[in-house]
**Q** 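Quick one: the structure is below, and I'll ask about it shortly.
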Amino acid sequence: MEANLDIITRGLNDKQKEAVLTKNGPLIIIAGAGSGKTKVITQRIAHLLATGVNPWNILALTFTNKAAKELKSRIARIVGEEIADKVWAGTFHSIFARILRIEAEEIGFTSSFTIFDADDQLSAITNVMNILLIAQQTTPPQQVRSKISAAKNQMIDVDTFKQNAKSTLDKQTGLIFETYEKYLKDNNAMDFDDLLLNTIKLLEKSQAVLSKYQERFRYILVDEYQDTNRAQYRVVNLLAKAHQNICVVGDDAQSIYKWRGADIRNILDFERDYPYTKIVKLEQNYRSTKNILKAADSVIKNNKNQLPKDLWTDNIEGEKVEVIACADERDEANKIISLIKSSIVGDLSYKDFAVLYRTNAQALALENALRTANIPYVVVGGLSFFKRKEIKDITAYFRLLINKKDNEALQRVINEPPRGIGNTTMQYVRDYAIKKEISLYEAFSEAEQITGLQQRAVTAIKKFTEFVETYSAFENVEDVADYLSQFIEATGLTEMYRELGTDDANDRWNNIQQVISDISIYFKTNTNANLVEYIQQIALMSDYDEKNTSSDQITIMTLHTAKGLEYNTVFLAGLEHGLFPMVRDKDDDIEEERRLMYVGITRAEKKLFISYANKRMRFGQTELTSPSKFLYEIDADVLDWAEGKRLLEEKERRQNNLLNGKFNYSQGRSSDNYSQIPKSYGTAAPVTAEQKTTVFPFKVGDRVKHKVFGEGIISGLKGVGDMRQATVNFYSVGKKDFMLKFAGLVKVG
DNA sequence: GACCTGCTGATTTTT
DNA sequence: TCAGCAGGTC
């Protein structure tokens with residue numbers, strides 16, 4: 001035992017040790033970025049096991065599949081596969097789905113209930129709206145969906161929602177909400193939020209069930225606690241109440257999911273909920289250089305709402321943060337690539353680099369450039385494999401096999417491939433099913449009695465139900481994987497794509513083949529696996545996780561996806577006002593954007609680059625952009641000298657402009673630097689800043705002076721107005737390109 | 001019922 | 001820009 005403990009705490013600092021060795025009672029670990037959080041969690045579980053806690057009495061909840069997988073494999077490395085397998089470690093959604101399958105009958109579902117993802121949810125809501133005759137134009141289903149989801153996250157039930165509804169939209173949403181809930185039950189389905197809500201209902205309804213799980217989960221651990229919502233908070237509270245052995249780990253500075261219902265109160269109120277809470281702060285950062293940490297700190301300190309903490313590191317000072325100014329997104333991508341190429345020295349290789357961005361749309365330009373440059377890369381996240389149309393079709397077929405009440409699945413596949421059961425037919429069936437309060441599939445069996453149906457349609461329906469029935473007897477099948485692959489073939493989907501033969505169809509066909517092989521692997525590696533579990537796994541999985549972690553490639557992904565990861569060299573791309581921080585409307589939370597920036601900066605170990613473009617394609621149009629305010633928040637000391645200084649000047653200029661109440665670009669000169677479009681062009685429309693055309697008084701051959709680079713000669717000019725750029729050949733440093741509006745060049749001689 | 005076409009709105013972020 | 005869909009035609 002002694003030896004064991006020694007191994008468990010070896011290499012940990014005092015704070016980490018304290019967190020690991022605190023076995024009983026409520027514990028909150030405030031874990032700064034790069035402070036060895038995952039290690040502490042893993043060692044803590046290892047310690048529980050080493051001191052006699054049964055693995056099945058431990059519940060470890062994570063936020064993402066990736067985190068869960070990582071945790072499981074780390075535990076396995078210490079205590080072995082067999083014991084690790086018995087620990088309940090997984091995402092909130094997967095763990096509670098597992099419990100709900102076991103206890104489904106208690107709350108009026110069957111154990112083969114379907115999980116609706118966001119897409120299913122949306123189409124279910126659209127269906128409900130059609131039934132209620134609510135127009136999509138005045139009541140956008142998308143908005144209804146997010147309102148319902150937000151309500152569920154906050155545990156606001158239908159009745160309360162309806163009572164609080166003031167606006168027309170909210171009142172409509174209330175009606176839809178009510179019918180949607182009934183619709184879910186009729187479909188034997190739960191949406192993502194229900195996996196939590198129904199668990200809460202289950203635990204609150206039956207003391208026996210509650211006690212059962214309280215006894216099972218004597219030790220509870222929650223990772224990324226700052227990102228939990230009220231429903232998650234509630235379910236954890238219920239489970240932990242009896243034994244109070246609850247440990248939550250989080251960092252308020254990295255809370256980036258408020259938009260999804262994450263409630264910072266959960267972390268702030270923890271001490272109030274558990275009066276004898278022990279607090280451990282992990283403040284030593286092992287990941288980043290001093291400069292990177294300083295950059296992160298200088299940004300996050302602009303946030304008012306945060307817990308006091310002092311992140312520090314023993315690591316070297318390191319290189320400064322380099323800012324890269326780019327003309328547009330293509331230039332940005334190319335500059336990033338050439339910087340990566342020139343950075344690969346010593347034992348660095350592609351896998352040590354990551355490019356992070358705010359929106360998935362930014363991946364496109366990067367991907368194109370990387371492909372052209374022949375650099376191996378992987379996009380994490382983005383358009384999920386399981387959200388592709390053909391994959392959703394396949395899984396909808398599976399869903400129908402295990403849950404005939406799943407109307408969403410049925411409607412999705414009924415005419416895919418076309419089998420002569422179109423919208424007119426389905427409308428008759430829907431009307432009939434609603435009237436008789438039965439599922440669509442049940443209505444199919446009474447097809448002859450449905451008024452309006454053509455004989456041809458009735459025949460097609462019979463053929464379809466026969467097909468489904470043939471494959472519904474999967475219970476006693478020996479080789480499920482083989483069985484399913486036959487089933488997929490029998491749906492006619494693969495045949496359809498084969499015959500189409502277009503590039504797009506070939507891709508889709510390939511994707512389906514990938515599912516078939518995935519199924520085969522799944523059933524080979526999970527001996528007790530069944531179809532229900534497999535489908536649930538898909539429903540809760542955003543993508544195939546970490547397919548090629550071993551191969552040497554650059555990783556590109558969104559900032560949200562990057563949370564918890566670290567790379568030697570990190571590029572933060574698209575640091576432009578409006579894009580990052582993203583500002584859409586007044587409700588947007590700048591502090592959350594800043595936390596996201598903080599997360600981004602702290603992903604870097606040794607070197608951080610930050611880039612912005614002066615113009616960028618958005619919505620198919622080129623927009624002029626300006627550097628993000630976050631750039632100006634970074635301590636100028638840690639920014640690369642030339643760029644840092646330039647940014648500082650720019651900032652001063654802006655402040656002066658604000659003071660003077662005007663916006664002039666070249667210092668020392670004012671309105672004579674630009675002329676306006678002649679007023680006669682428009683009638684009464686006011687001239688906005690964007691419409692002004694700036695004319696800079698430079699020509700090729702002019703001698704100019706730059707604050708940083710000194711004197712030089714303009715060797716080229718291009719672009720018009722604000723986009724006008726100059727190439728200047730400096731006596732000191734050679735050729736440099738500038739946007740004139742930022743460069744602050746002054747004519748000399 | 002299948003196919004074509006022109007329009008619209010989407011770009012946060014995820015279980 | 002471009003995918004997805006409503007609405008119209010065959």
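These values consider heavy atoms only, across backbone and side chains, with no hydrogens, waters or symmetry-generated copies. First the proteins, then the strands, lettered A, B, ... as listed; each starts at 1.
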**Q** Between A/K258 (NZ) and B/dT14 (P), how many Å, whole number?
**A**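 Distance, rounded to whole Å: 19 Å.
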
**Q** Validate the cation-pi geometry between A/R595 and A/Y598: distance from NZ or CZ to the six-membered ring centre under 6.0 Å, angle to the ring axis within 45°.
**A**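 Because its charged atom misses either the 6.0 Å distance or the 45° angle limit, A/R595 does not stack over A/Y598.
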
**Q** Is there side-chain contact between A/N368 and A/L366, with heavy atoms separated by less than 4.5 Å?
**A**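 No - every pair of side-chain heavy atoms lies 4.5 Å or more apart.
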
**Q** How many whole angstroms separate atom CZ of A/F580 from atom P of B/dT11?
**A**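 Atom-to-atom, A/F580 to B/dT11, this comes out as 19 Å.
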
**Q** Tell me, do A/T228 and A/Y225 make a side-chain contact under 4.5 Å, heavy atoms counted?
**A**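 Contact flag for A/T228/A/Y225 side chains = yes.
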
**Q** Tell me which of A/M426 and A/T64 sits closer to the 5' end of DNA chain B, going by the nucleotide each one is nearest to.
**A**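 Nearer the 5' end of the strand: A/M426.
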
**Q** Side chain of A/P418 only, please: which of B/dT15, B/dA2, B/dT13 is the nearest?
**A**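 Among B/dT15, B/dA2, B/dT13, the one nearest the side chain of A/P418 is B/dA2.
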
**Q** What's the closest nucleotide to the side chain of A/T91 if the choices are B/dT11, B/dT13, B/dT15?
**A**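 Nearest to the side-chain atoms of A/T91, counting from C-beta on, is B/dT15.
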
**Q** Is it true that A/T62 and A/D223 share a donor-acceptor pair across their side chains at a distance under 3.5 Å?
**A**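 The criterion, which ignores hydrogens and geometry beyond distance, is not satisfied for A/T62 and A/D223.
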
**Q** Between B/dT14 atom P and A/R145 atom CZ, what is the distance in whole Å?
**A**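 Checked: the CZ to P distance equals 13 Å.
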
**Q** Please give, in whole Å, the distance from B/dT14 P to A/I115 CD1?
**A**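 One finds 19 Å between P of B/dT14 and CD1 of A/I115, rounded.
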
**Q** Tell me whether A/Y257 and B/dT14 count as stacked here, given that the ring centres must be under 5.5 Å apart and the planes must differ by less than 30 degrees.
**A**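 Taking the rule of under 5.5 Å and under 30°, the ring of A/Y257 does not stack on B/dT14.
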
**Q** Side chain of A/R358 only, heavy atoms from C-beta on: which candidate in B/dT13, B/dT15, B/dT11 is closest?
**A**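 It is B/dT13.
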
**Q** Under 4.0 Å between any heavy atoms, over every strand shown, what does A/N415 touch: base, sugar-phosphate, or nothing? Just pick one.
**A**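 A/N415: backbone/sugar contact only, no base atoms under 4.0 Å.
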
**Q** Among the nucleotides B/dT11, B/dT13, B/dT15, which one has an atom lying closest to any side-chain atom of A/T558?
**A**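 In terms of side-chain proximity for A/T558, the closest of B/dT11, B/dT13, B/dT15 is B/dT13.
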
**Q** Rounded to whole Å, how long is the line connecting atom CG of A/L596 with atom P of B/dT11?
**A**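 From A/L596 CG to B/dT11 P: 17 Å.
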
**Q** Does atom NZ of A/K463 have more than 12 heavy-atom neighbours, drawn from other residues, nucleotides or ligands, at distances under 6.0 Å?
**A**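 Check fails, neighbour count at 12 or below.
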
**Q** Please give, in whole Å, the distance from B/dA10 P to A/N360 CG?
**A**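 The answer, rounded to whole Å, is 16 Å.
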
**Q** Can you tell me if the side-chain N/O atoms of A/T561 get under 4.0 Å from OP1 or OP2 in B/dT13?
**A**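 The answer is no; no side-chain N or O of A/T561 sits under 4.0 Å from OP1 or OP2.
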
**Q** Does the base of B/dT14 carry an N or O that pairs as donor and acceptor with the side chain of A/R260 under 3.5 Å?
**A**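 In this structure, the two groups form a donor-acceptor pair.
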
**Q** How long is the line joining CG of A/N153 and C1' of B/dT14, in whole Å?
**A**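 That distance rounds to 11 Å.
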
**Q** Distance check, P atoms only: C/dG4 and B/dT13, in whole angstrom units.
**A**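 Between the two P atoms, the distance is 16 Å.
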
**Q** I need the CG-P distance between A/L195 and B/dT14, as an integer number of Å.
**A**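 Rounded to whole Å, this separation is 18 Å.
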
**Q** OP1, OP2 of B/dT14 versus side-chain N and O of A/S149: anything below 4.0 Å?
**A**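 No.
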
**Q** Decide whether a cation-pi geometry holds between A/R101 and A/F113; the criteria are a distance under 6.0 Å from NZ or CZ to the six-membered ring centre and an angle within 45° of the ring axis.
**A**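 Yes.
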
**Q** If you assign A/G422 and A/I256 each to the DNA chain B nucleotide with the nearest heavy atom, which residue ends up on the more 5' nucleotide?
**A**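 Residue closer to the 5' terminus by nearest nucleotide: A/G422.
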
**Q** Which nucleotide in the list B/dG1, B/dA2, B/dT13 gets nearest to the side chain of A/T425?
**A**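 Within the option list, the nearest is B/dG1.
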
